[in-house]
Every structure is written in structure tokens, then in C-alpha cells.
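Below is one structure, written out as C-alpha cells; comments come after it.
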Amino acid sequence: MTPPHAEPPEGHATLNTGYVTVGGTRLFYRTAGSGTPLVFVHAGVADSRLWNEQLDTFAADYRTLAYDLRGFGRSELPPAPYAHYRDLAAVLDALDVEAAHLVGASMGGAAALDFTLDQPHRVRSLTLVAPGLSGYEVHDPDLRARWGEVEAAFEAGDFERTATIESEMWLAGPSRALDAVDEASRELVRKMLLQSYELSTDNANESEGEPPAIGRLGDVSVPVLLISGALDAPVMADIASVLEAGLADVQVEVIEGTAHLPSLEKSGEFNALLRSFLERVSL
């Protein structure tokens with residue numbers, strides 16, 4: 001049974017929730033506010049709860065929307081081929097969103113970028129938060145070793161250990177102990193990770209954009225805000241450098257004192273950067 005989500009407390013923006021049927025599964029979504037759509041796509045170590053504060057904060061000025069990608073939160077992962085960027089298109093179609101400002105974190109950033117390249121007319125602006133990048137090959141031996149630890153713990157069925165390792169890698173980053181991160185963030189990430197492990201399905205086959213985004217960055221015509229955490233893994237700084245060099249209209253920002261999830265750990269600074277960017281590109 002899927003455990004309930006933690007929703008913002010009373011007094012916050014009213015959330016409407018529901019499911020969109022996409023390719024043999026249902027994707028859970030949450031939306032609030034009205035106006036120009038502002039769509040949030042979560043990281044692979046999270047689900048739509050990553051954006052709790054952003055959904056609420058920006059609902060005063062935008063129609064905010066976040067959803068659980070396949071295999072995360074309340075969205076199941078059937079054993080079938082899929083692509084996150086195509087699911088994003090289906091969610092927008094079902095909710096009558098013709099064009100939106102997109103915000104994607106990590107894996108969700110890669111999906112948002114692939115979607116932008118696939119359907120550029122539907123993207124008003126693109127905010128990438130410590131994003132992945134389709135076609136990018138990771139060679140960092142330390143990161144590969146930690147991925148091996150994650151896989152071993154998962155295969156052994158030790159989900160608590162798996163969640164701890166992933167939290168150390170991404171929430172804390174390579175230079176901090178996990179207990180240096182505030183308890184609320186640690187516990188939320190732990191819950192989101194454990195839920196994703198329970199939803200994991202054999203033979204689910206994810207595909208990326210074709211051709212990969214890494215060779216098509218010059219085709220991105222919308223303004224891009226690129227946000228990184230100063231304490232993130234070195235591979236993420238390398239991806240950010242590739243994006244900065246390849247994108248035509250990009251604003252680069254680094255938030256100190258945070259790693260892979262700046263929107264969660266440093267939400268005030270993150271929200272201020274995003275709001276300023278959205279105001280600028282909407283002039």
C-alpha cells in the first residue's frame with residue numbers, strides 16, 4: 001500500500017491532486033494557483049514532495065504543477081518501455097497545459113531538457129537544478145564505486161542502508177557528513193527513497209531523448225537558469241560546465257552550503273533566484 005504524502009500544512013495554498021493515465025500506468029500530480037503554468041520535475045532521489053514549498057510559494061503568481069515520475073511517490077512503474085520526457089508531455093496534455101516554465105532537478109532536469117528539445121514550442125523558460133544530461137558519460141571512479149555500494153545494498157534488500165548511502169552521496173554531498181544536513185530534509189529524502197525502492201520493477205525500460213541532448217545544446221532557444229549546489233559531487237560541476245558552454249542563453253548560479261538538492265535545503269535562496277529569473281524572462 002502506498003503511504004500518504006506529506007502535504008503542506010493548513011493555511012498554505014490549496015492543492016488539487018489527481019492521476020493522469022499514461023502508457024499503462026497512472027502518474028500522480030499536484031497543482032495549485034492559477035495563471036501561467038510553472039511545472040516542477042523532481043530528482044531521482046525524491047518525488048514531487050521535493051517541491052512542497054515551491055508549489056505553495058509560487059502559487060500566488062503561477063499555476064504550479066508537480067507530479068511523481070514513474071516509480072516514485074504515488075506513481076507506479078510497470079514493466080514496460082517509457083521515457084520521462086514523453087510522460088511529461090502526456091501530463092501536460094492531460095492537464096491542458098499548452099506551454100509552461102519548466103523546472104527540473106537532477107534526473108528531472110535531464111527529462112525537462114529532453115522535452116524542451118522535443119517540443120520547444122511548449123517551453124517558456126527552463127530552469128535546471130543540478131541536472132543530469134542525456135548522452136553524458138560518467139567516468140568518476142569514486143562515484144562509480146558508491147553506485148556499486150548502492151546496488152549491493154539494494155540487491156541485498158537492505159533498503160535503509162541503500163537510502164543512507166544515497167542520502168550521503170546526494171543530499172550531503174562528498175564533503176559533508178549526513179548529520180550536517182537538517183533533520184527535516186534528511187527524513188523527507190529517506191522517506192522518498194524508501195518509497196521508490198518499494199515501487200521498483202524488473203524489466204521497466206527507460207529511454208532518453210534521441211539524439212541525446214549533449215549534442216544538441218545549441219538547439220535550445222529558450223532562456224535557461226542553471227542552479228548548482230557548491231557542495232555537490234564533482235561530476236555535477238562538470239555537467240554544469242558542459243551546459244554553460246553549450247547553451248546560448250544561460251544564467252549560471254551556485255548556492256553555497258548545499259549539495260544536490262538546493263531547492264530543499266536552501267529553499268529561500270533557491271526561490272529568490274527562480275522568482276527573479278521568471279520575472280526577467282516574462283518581461
Side-chain angles (χ1 to χ4, degrees), residues 41-47 50 69 71-72 84 104-114 128-183 185-197 200 206-209 212-215 217 226-247 252-266 270:
V41 191
H42 65 77
V45 292
D47 55 43
L50 176 66
L69 280 69
F72 298 89
H84 287 309
S106 191
M107 179 183 72
L113 179 55
D114 285 342
L128 300 174
V129 188
L133 175 61
S134 60
Y136 180 88
E137 295 185 9
V138 176
H139 300 290
D140 185 334
D142 293 332
L143 185 58
R144 286 184 172 275
R146 296 240 70 186
W147 278 340
E149 294 177 36
V150 169
E151 183 176 354
F154 183 85
E155 293 298 326
D158 190 346
F159 290 171
E160 286 286 354
R161 176 59 180 158
T162 310
T164 296
I165 298 169
E166 290 213 79
S167 294
E168 290 171 347
M169 292 172 65
W170 300 116
L171 178 60
S175 64
R176 288 190 298 180
L178 186 55
D179 61 9
V181 180
D182 69 275
E183 183 178 0
S185 295
R186 296 199 312 268
E187 183 59 19
L188 178 58
V189 170
R190 173 184 167 274
K191 288 179 178 178
M192 293 188 291
L193 284 167
L194 290 175
Q195 191 163 341
S196 72
Y197 302 153
S200 180
E206 179 191 353
S207 62
E208 298 179 326
I214 194 168
L217 298 178
L226 176 60
I227 298 178
S228 301
L231 303 180
D232 208 346
V235 66
M236 303 314 302
D238 187 58
I239 290 175
S241 295
V242 172
L243 291 167
E244 183 178 4
L247 294 167
V252 178
E253 302 287 349
V254 178
I255 298 180
E256 298 295 330
T258 185
H260 201 56
L261 301 177
S263 64
L264 177 65
E265 197 178 0
K266 297 287 184 177
F270 175 87

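- The side-chain heavy atoms of W170 and V189, taken from C-beta on, include no pair separated by under 4.5 Å.
- Residues L143 and M169 form a side-chain contact, since some pair of their non-hydrogen atoms from C-beta on lies under 4.5 Å apart.
- Residues L113 and P131 fail the side-chain proximity criterion, which asks for heavy atoms closer than 4.5 Å.
- With a 4.5 Å cut-off on side-chain heavy atoms, D47 and S196 do not count as touching.
- The shortest non-hydrogen separation linking V41 to G108 is CG1-CA, 3.6 Å.
- In this structure, F270 and T258 have side chains that are not in contact, with every pair of non-hydrogen atoms separated by 4.5 Å or more.
- Closest non-hydrogen pair, V129 versus P262, comes out as CG1-CG, 3.6 Å.
- Take K191 and apply the side chain to side chain contact (heavy atoms under 4.5 Å, CB included) test, not counting sequence neighbours, and it matches E187.
- A111 pairs by the side chain to side chain contact (heavy atoms under 4.5 Å, CB included) definition with H84, not counting sequence neighbours.
- Here the side chains of S167 and L193 are in contact, with some heavy-atom distance below 4.5 Å.
- Residues A43 and S106 come closest through the heavy atom pair CB-CB, 3.6 Å.
- The closest side-chain heavy-atom distance from V45 to L261 is below 4.5 Å.
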N/O donor to acceptor pairs below 3.5 angstrom from side-chain atoms of residues 152-160, sequence neighbours left out:
{"unit_1": "D158", "atom_1": "OD1", "unit_2": "R161", "atom_2": "N", "d": "3.1"}
{"unit_1": "E160", "atom_1": "OE1", "unit_2": "R190", "atom_2": "NE", "d": "3.1"}
{"unit_1": "E160", "atom_1": "OE2", "unit_2": "R190", "atom_2": "NH2", "d": "2.6"}

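- Between A172 and A259, the shortest heavy-atom distance links the atoms O-CB, 3.6 Å.
- Looking at residues two or more places apart in sequence or on another chain, you find a salt bridge (Lys or Arg N to Asp or Glu O under 4.0 Å) between E149 and R146.
- Residue pairs satisfying the side-chain hydrogen bond (donor to acceptor under 3.5 Å, both in side chains) criterion with at least one member in residues 171-182, sequence neighbours excluded, are listed as follows: R176-E265, D182-S185.
- Remark: the backbone N or O of L69 is paired with a side-chain donor or acceptor of H42 at under 3.5 angstrom.
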Show the atom names and distances, to 0.1 Å, of all donor-acceptor pairs under 3.5 Å that link a side chain in residues 226-242 to residues at least two apart or in another chain.
{"unit_1": "D232", "atom_1": "OD1", "unit_2": "H260", "atom_2": "ND1", "d": "3.4"}
{"unit_1": "D232", "atom_1": "OD2", "unit_2": "H260", "atom_2": "ND1", "d": "2.7"}
{"unit_1": "D238", "atom_1": "OD2", "unit_2": "Y136", "atom_2": "OH", "d": "2.4"}
{"unit_1": "S241", "atom_1": "OG", "unit_2": "A237", "atom_2": "O", "d": "3.1"}

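- Rounded to the nearest 0.5 angstrom, R186 CZ and L171 CG are separated by 8.5 Å.
- Among pairs with a residue in residues 131-145, none fulfils salt bridge (Lys or Arg N to Asp or Glu O under 4.0 Å), at least two apart in sequence or across chains.
- Rounded to the nearest 0.5 Å, atoms CG (L264) and CG (L50) are 6.0 Å apart.
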